[in-house]
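Worksheet for the structure shown next.
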Protein chains: 2
Amino acid sequence: MSGEQVRTQGSRAGEIVGCAWDLARTVGIAGFSLRALAREVGIRQPSLYAHFESKHALYDAMFADGNRQLLARLDALVLPDDPRAALKVFMREFVAFALEDTARCYLIFQRPIPGFEPSTSAYGHAEQVMDRVVEVLRVAGIEDQDDIDCFIAMVAGLIHTQLSNEPGGDRWSRHLERLTDLYLDDIHRRSRAS
Amino acid sequence: MSGEQVRTQGSRAGEIVGCAWDLARTVGIAGFSLRALAREVGIRQPSLYAHFESKHALYDAMFADGNRQLLARLDALVLPDDPRAALKVFMREFVAFALEDTARCYLIFQRPIPGFEPSTSAYGHAEQVMDRVVEVLRVAGIEDQDDIDCFIAMVAGLIHTQLSNEPGGDRWSRHLERLTDLYLDDIHRRSRAS
DNA sequence: GTCTATACATCGATAGAC
DNA sequence: GTCTATCGATGTATAGAC
């Protein structure tokens, strides 16, 4: 239960990461300063360096934390037996997670911090998320790499367009189920034809 | 031919915008400073204020300029008579434009500058681009607002996923024609069914 | 682990001469 | 329109006491 990487809960470093998310939510992922973060935490700015050796290290912890949050949400789902229904429930949760926090979505899925690359340790969490996605897609019959790429691009497009043009709304994201059917039907049609 | 808004060609302000694009291409749209920009232009940093009253005003000029570039590219196309083929040629050019300059794509389509909102004048160019897109979609039979939204999200997803994961490649963007067929076939199938 | 104090760079923007 | 000089704020990061 208490491993080397589970520092997000309870510890001071975890509290700092939480405050960093709060700040990022209001001023953007790249728009908060360590001074403002320290103020939020209730300590002085240089004290942050007792927990993170640089701002990039903090971003790295946030990247890992965000992916861990998403993984927990996905693994907590109770999926229906029907693969198509399961895929819809799964992706609906995925999209909901992405839409509820723009800053988190950007850091995790787009990496808009110049010069920041997640460490291999943090990247492992992102790979776990991707493993879950690919597994649900596979069960639903999306196995070909091209089909996987197209489906993921479709979902990313709904998220991206929604966040860019109407954050908080559902004008684009509400088409997820309909487009999921469209892609699945096409794959099944093609597999029958061969 | 010479209007109040055509300052991108010839004038000093246009030269500055061009240098700003060059810089943005290497250090990101939000990553260049006015000092670096002035160095690129060959003047001193305060001299920039003789042409733009603030950095946001410069971003505004870049936003208008980028949309004008895109509009020129789209209007220069010779489209096939067949609406489906025309849509493919048109969107292929659109995607190519987006992929060839990440910084430009971000500024025009995603607005990643905190606090920057394009002026109504600059936004007019973006609306002209959107008008062209909607017209080509309409001719191809995509008229329902939901269908338009889905199609645009699909294209945005290809662009976004391509740029985020493999800039310079075509792993995702190469599926544009196939997905265009998928969407068009679905719309025609539904219209026959009604 | 937190503090005070500070170094050092860079930023956007302004004043005023030419 | 361009220059020199500079302002005031902010940024990350370090030194050293407690």
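Naming convention: chains lettered A, B, ... in sequence-line order (proteins, then strands); numbering from 1 in each chain. These numbers come from a predicted model, not from an experiment.
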Rounded to whole angstroms, how far apart are [atom1] on [X] and [atom2] on [N]?
| X | N | atom1 | atom2 | result |
| --- | --- | --- | --- | --- |
| B:Ile113 | C:dG12 | CD1 | C1' | 14 Å |
| A:Leu58 | D:dT12 | CG | C1' | 12 Å |
| A:Leu34 | C:dT6 | CG | C1' | 16 Å |
| B:Tyr59 | C:dG12 | OH | C1' | 11 Å |
| B:Tyr49 | D:dT2 | OH | C1' | 15 Å |
| A:Phe52 | D:dT12 | CZ | P | 14 Å |
| A:Leu23 | D:dT10 | CG | P | 14 Å |
| A:Leu37 | D:dA13 | CG | C1' | 15 Å |

Going by heavy atoms in the side chains, are A:Leu137 and A:Phe90 under 4.5 Å from each other?
-> no
Nearest to the side chain of [X], heavy atoms from C-beta on, is which of [options]?
| X | options | answer |
| --- | --- | --- |
| A:Pro46 | C:dT2, D:dA15, C:dG12 | D:dA15 |
| B:Arg44 | D:dC3, C:dG12, D:dA13 | D:dC3 |
| A:Ile43 | C:dT2, D:dA13, C:dT4 | C:dT2 |

How are the rings of B:Phe151 and B:Tyr183 set relative to one another: parallel (under 30°), tilted (30 to 60°) or perpendicular (over 60°)?
-> perpendicular
Salt bridge present between A:Arg73 and A:Glu100 (N-O < 4.0 angstrom) | yes
Would you call A:Arg178-B:Asp147 a salt bridge at under 4.0 Å N-O?
-> yes
Give a yes/no answer on whether the side chain of B:His51 brings an N or O atom under 4.0 Å of OP1 or OP2 in D:dT2.
-> yes
Report yes if a side-chain nitrogen or oxygen of B:Ser33 is closer than 4.0 Å to either non-bridging phosphate oxygen (OP1 or OP2) of C:dT10; otherwise report no.
-> no
Decide yes or no, distance alone: a donor-acceptor N/O pair under 3.5 angstrom between the base of D:dG11 and the side-chain of A:Arg35.
-> yes
Given the side-chain rings of A:Phe109 and A:Phe94, with only the six-membered ring counted for Trp, is the space between their centroids under 6.0 Å?
-> yes
When you match B:Gly42 and B:Gln45 each to their closest nucleotide on DNA chain D, which lands nearer the 5' end?
-> B:Gly42
Name the nucleic acid region contacted by A:Ser47, choosing base, sugar-phosphate or nothing; use a 4.0 angstrom heavy-atom cut-off, strictly under.
-> base
